[in-house]
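The structure under discussion appears below in the form of structure tokens.
Residue numbering restarts at 1 for every chain, and letters A, B, ... go by the order of the sequence lines.
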Amino acid sequence: MTDLPIAAAEEAAAATAGHSTRRTAPFIPLPVTAARATTLAGAVITTASTFMSWTYTTDFPGDLTVSGYPGGLQVMTLIGALLTGVVALGTFGLKGLRWLNPARTNNGVLLLALATLGTTWYTVIDIAAKLGGFANLDPGGIVAFIGALVLFAGALALPLDRHPEEAADTEYYELGWFEQVTPVVRGYAWLREARLHHSELRVPDTRKLNPWLQRLVIVVVYALGLKILTFGLATDYSDIFIGYLIVVAIGVWGLSASGLIKQFQQLTQHNKRFAGTIGVITAIAYPFAQNNELWANLGVYVLIVATVALGLNIVVGLTGLLDLGYVAFLGVGAYTAALVSGSPFSIWSGTQFPFWAAALAGMIAACVFGVLIGAPTLRLRGDYLAIVTLGFGEIFRIVVRNLDGVSGPKVTNGPNGIAQIPDLSIFGYNLGDTHSVGSFTLGRFANYYLLMLVITVIVVLVFTRAADSRIGRSWIAIREDETAATAMGINGFRVKLVAFALGASLAGLAGTVFAHVTNSVVPDPYQFSGPVPPNSAFLLAAVVLGGMGTVSGPILGAALLYVIPQKLGFLSKYELFAFGIALILIMRFRPEGIIPNRRRQLEFHEDDAPAPGNRPMGDDTVPATTAGA
Amino acid sequence: MHTLPQQLANGLFLGSMYGLIAIGYTMVYGIVQLINFAHGEIYMTGAFGALAIYTNLPSSLSIWAALPLMLIGGALVSVVIAVGAERLAYRPLRNAPRLAPLITAIGLSLALQQAVFNWYPDAKSGKRFPQLPGGPFHIGSVDVQSGDLFLLGAAVICMLALGIFVRSSRTGRAMQATAQDPDTAKLMGVDTNRIIIIAFAIGGFFAAVAGLASGLKYGQIQYNMGFQAGLKAFTAAVLGGIGNIYGAMLGGLVLGIAEACATAYIANVPGMEQFGGGAWAQVWAFVLLIVVLLVRPQGLLGERVADRA
Amino acid sequence: MTTTIPQQPTPAGAEPGGALLEARGVIMRFGGLTAVRNVDLTVNKGEIVGLIGPNGAGKTTFFNCLTGLYVPTEGTVSYQGTVLPPKPHLVTKAGVARTFQNIRLFANMTVLENVLVGRHTRTKEGLLSAIVRGPGYHRAEAQSRARAMELLEFTGLADKAEHLARNLPYGEQRKLEIARALASEPGLLLLDEPTAGMNPQETRATEELVFAIRDQGIAVLVIEHDMRFIFNLCDRVAVLVQGEKLVEGSSDVVQNDERVIAAYLGEPFDATSQDDTAARETPGTDQAEGTTSEQENDR
């Protein structure tokens, strides 16, 4: 399997000049030309199939019966096949197309082919399962089925970057007792070598491009991103959403393997301010592009959980303190805002603070609780903080339940919570009302979405600016080596307390908006783990999944964890179970999360750290604390 | 009913349970410096394991005959989960940054809880647990249930056995050596991996005993019973001085008695009338944890724990 | 050249240009083990002082007492006449910086960031100014960076400013630790075995570096095993054996002191014929000084 025809090897080496440590080998031994032809043929066949009818009945979600243009899940196959074909052309070294595959590797092609195969076969098998047998397939479906297979087989035959071969005497301690069994060891070694090898992506410098072209690319990519996002959210059937997920997840992985994402990151790094502005504009465009209260509602909640996760990331990702009761600070903010909102159920029902004052009050209250919890525990080992915050999260809920006038003093109305929180009004703009902007109407949730977006931007700014400053460096230093940090003059306790209190305040700030969006505050959302976000387990999972210490990681993580169960209703029962398993697996296999912080990645993979002087490219340009921002 | 001796007795029973669970925290912490957050869940699965055995036994069997089988079943489940967690989840992370095993432990805790919630038959709400016949016994002014007596007896036997094991057996001494300095212990020929497995197994067994006892005491078990109990037991371990097995038991007793007394008497304190009763018990346990961390972070029997070079 | 300076009981600070660091009667006990026994040590301005002794003599423990990492059981440490509080960050703030025996860099920060962390006590910008980023913030940050780059030039690491600290070769990591310590603008620099694991060239380079540091008016106290290095470098050498200061004086005095030879150099050849002092000396373990229980058992 790992044999490689000499001509192909030479060609592969030529295609990847300068990568002397790279080992390339296809999974299927074919001459390179044949492999390329097969890949392209597969892409063409699959693309063509999406213009045919796949099944005779419209009973299947999305209309797949029409010949002439693709619909429903066929769109997924079409996008996958086109992308694969185009990126494959990029690796063939054709002038003018090389930019499509900046890392000059076929690994991305294989992954994209896998995405196409996955979504196509999923569709075909789903049709057969839903309608009762393969007999329900039209010829188009069968063409698609075969085309995707050809595409994938072609990609398997391309010279791929593979894991370096391991020495014959490598010992695999992780096999435990099975290390005695030779076939198991052989098989395991084969599997390890069969792995694709993605590190050391070298991409050309984008600074040579015309600056206006650079900006155009950024705008186009963000617009595309928004389009893809809204497309996914608008899918009406979970079948289509699953097909969409397959294409997007594996496709993004493939694009990342081919270096396109790294290339884009380089662009945004060089045009930081511009990229940030366009990012915000794209986010503002969301309620207009998806002019529908349901999606605006989803957007608000995603922004809330993302913002809170980002606040948690200051504590967990930057400073290395495990805070397991973080959601309680959101609760403190929410309850504070509710109490001063003028709700008839508040004990101070007469007082109605303007929003800025309520937000400030929520932040201060959360900060005070942060200091109260942090002060006794931050002097001790980090583990104590984890358990004390876990306790605090639980106690917060119990106290709030008890302050109902029966079990305790009447403050929070107990389990019934504080209802009828009036909508916010900022400069006379009532966020509860529907407003018209041009030809668009902004409903209640769209208004709150825009307000929450302001808060998110503030939190992102606070995070990035704090991280790249004297105080942020001292947080990271504490995380890296607390003893050395104190020996360098850092007052560990104080610096940790600042991080902890800042994290708490940001959660409090988000809480004030949360209270108004939901119209009422009740104790139940504020617990360690629960059926609905935000709970502390959800937030922690979002940070860990996205990538600790990064800005975009927790936002992405929170969005994924919130949206996927919403779209796939049947999964929500097992959501918490899946979170638990995900935390274990991520820590075991990809502790740096989806979007790795350069530092963290190195810290977690000590063995794979590059040798001195052999650093991955792009390091000189990417400030560590904002990598992936 | 609300006499001081009665409260002390209640605290003693509650404390024995906390102590039994706390042993698991403290032993694992003493050896690998890991707070095994999933330990509360191991206690819970122990209780469910015992219940699963009971429901599958012929109903003609008396509870006294079923009891040993339930103990074995519960212990088997707990020990297998505890050891499996060590082997598959924690061991690969032994040299990873501190945060990694902590997050793994959180994940494990969530997964175990939800696994029982989703897949144990009808576990979405409380499950009835068989109760021991006999009682309540009246000893002086104190009322005692037979479940309480079982709990107390089990705690005393387990503690004595553990004390003898750690002090006099070869493995026990190796365990102490590993807790002192794992690297040196390894150089001296101690199989530290085996020692760590044994620590997890003993912790799991004690948790299963506590789980069974708590089922018998309250007549009901729940999928989420491990969270609160784990939190309390950890408080007990810190209170006694984490890493010290006698400290764990002592901490459990102190916490149990403090909780019982706070529940009963805090309402009598002027100005605190509204903060008594069971609803606030958790809160007072937590306040106690914070106070201990402020005043004596090393715990009653522990050594200094502040992070220094 | 230099002469033996006895522990005069003159209060430091009374005499400008005199004593910078004064340790008086420092005792450090760990349970039953006394790692440092009643040690006095003075470092004067512009001086390079060496601290030598066999493994397990308590050198690093003494260092930790000086820098606030350990709270000495008894005794005081004063810097420029004021008693140092036993908190590492306050000691650094007062002007005593250190390096570690086993390198403790912030491995996943860049070289430049490591040095910037060293600037922590000499900069003021808090969270608020970091978020607001007014002109004052930018000025301070630019100054810090300029100063850090100067130090990297000084230690010869300027071209690696953007590398991750963990990716530096061993010798450069040691240099970076020194640069980081210098960033806190110390009056006294404590070096814990700065040439451990270095080859002769690197050792010579370090020697040059230490002289250059002294020439900038910074006093240096250095722990080292490499005798040639110490005797080349130091104006004065103190010998610590079994937690006690055996002798102190110029290189010549120490080199020729019989007790030192017996305790330190001569011991392995003929342990039985040694006098009382040497008989007490046991072969040191390879463990970090003074903290292991084997030490206790050896007695």
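Of all non-hydrogen atoms in C:Glu141 and A:Ser469, the two that sit nearest each other are OE2-CA, 4.5 Å. Closest non-hydrogen pair, A:Arg473 versus C:Leu116, comes out as NE-CB, 3.5 Å. Shortest non-hydrogen contact noted between A:Ala487 and C:Phe100 is CB-CZ, 3.6 Å.
No part of C:Val91 comes within reach of chain A, as not one of its non-hydrogen atoms sits under 4.5 angstrom from that chain. Both the backbone and the side chain of C:Thr123 come within contact range of chain A, each with at least one heavy atom under 4.5 Å from a heavy atom of that chain. For chain A, the nearby part of C:Lys124 is the backbone; its heavy atoms alone come within less than 4.5 Å. For chain A, the nearby parts of C:Ala107 are the backbone and the side chain; heavy atoms of each come within less than 4.5 Å.
Residue-environment remark: CG (C:Leu128) stays at or below the threshold of 12 foreign heavy atoms within 6.0 Å. The environment of A:Phe369 atom CZ is sparse: at most 12 non-hydrogen atoms of other residues, nucleotides or ligands sit within 6.0 angstrom.
Side-chain contact between C:Arg104 and A:Asp481: present, with at least one pair of heavy atoms (C-beta onward) separated by less than 4.5 Å. A:Ile471 places none of its side-chain heavy atoms less than 4.5 Å from the side chain of C:Glu125. Two residues are said to be in side-chain contact when any heavy atoms from C-beta on lie closer than 4.5 Å; A:Leu461 and C:Ile131 fail this criterion. The shortest distance between side-chain heavy atoms of A:Arg470 and C:Ser129 does not fall below 4.5 Å. Side-chain contact check for C:Thr92 versus A:Met488: every heavy-atom pair is 4.5 Å or farther apart.
Rounding to the nearest 0.5 angstrom, the gap separating the CD1 atom in A:Ile490 from the OG1 atom in C:Thr121 is 9.0 Å. C:Leu90 CG to A:Asn491 CG: the interatomic distance, rounded to the nearest 0.5 Å, is 7.0 Å.
For A:Glu480 (side chain) and C:Asn108 (main-chain N/O), a donor-acceptor pair under 3.5 Å exists by modelled atom type. A donor-acceptor distance shorter than 3.5 angstrom exists from the side chain of C:Arg133 to the backbone of A:Arg465, with no hydrogens or angles considered.
Between chain A and the residues C:Arg119, C:Arg122, C:His120, C:Arg180, the largest count of heavy-atom pairs under 4.5 Å involves C:His120.
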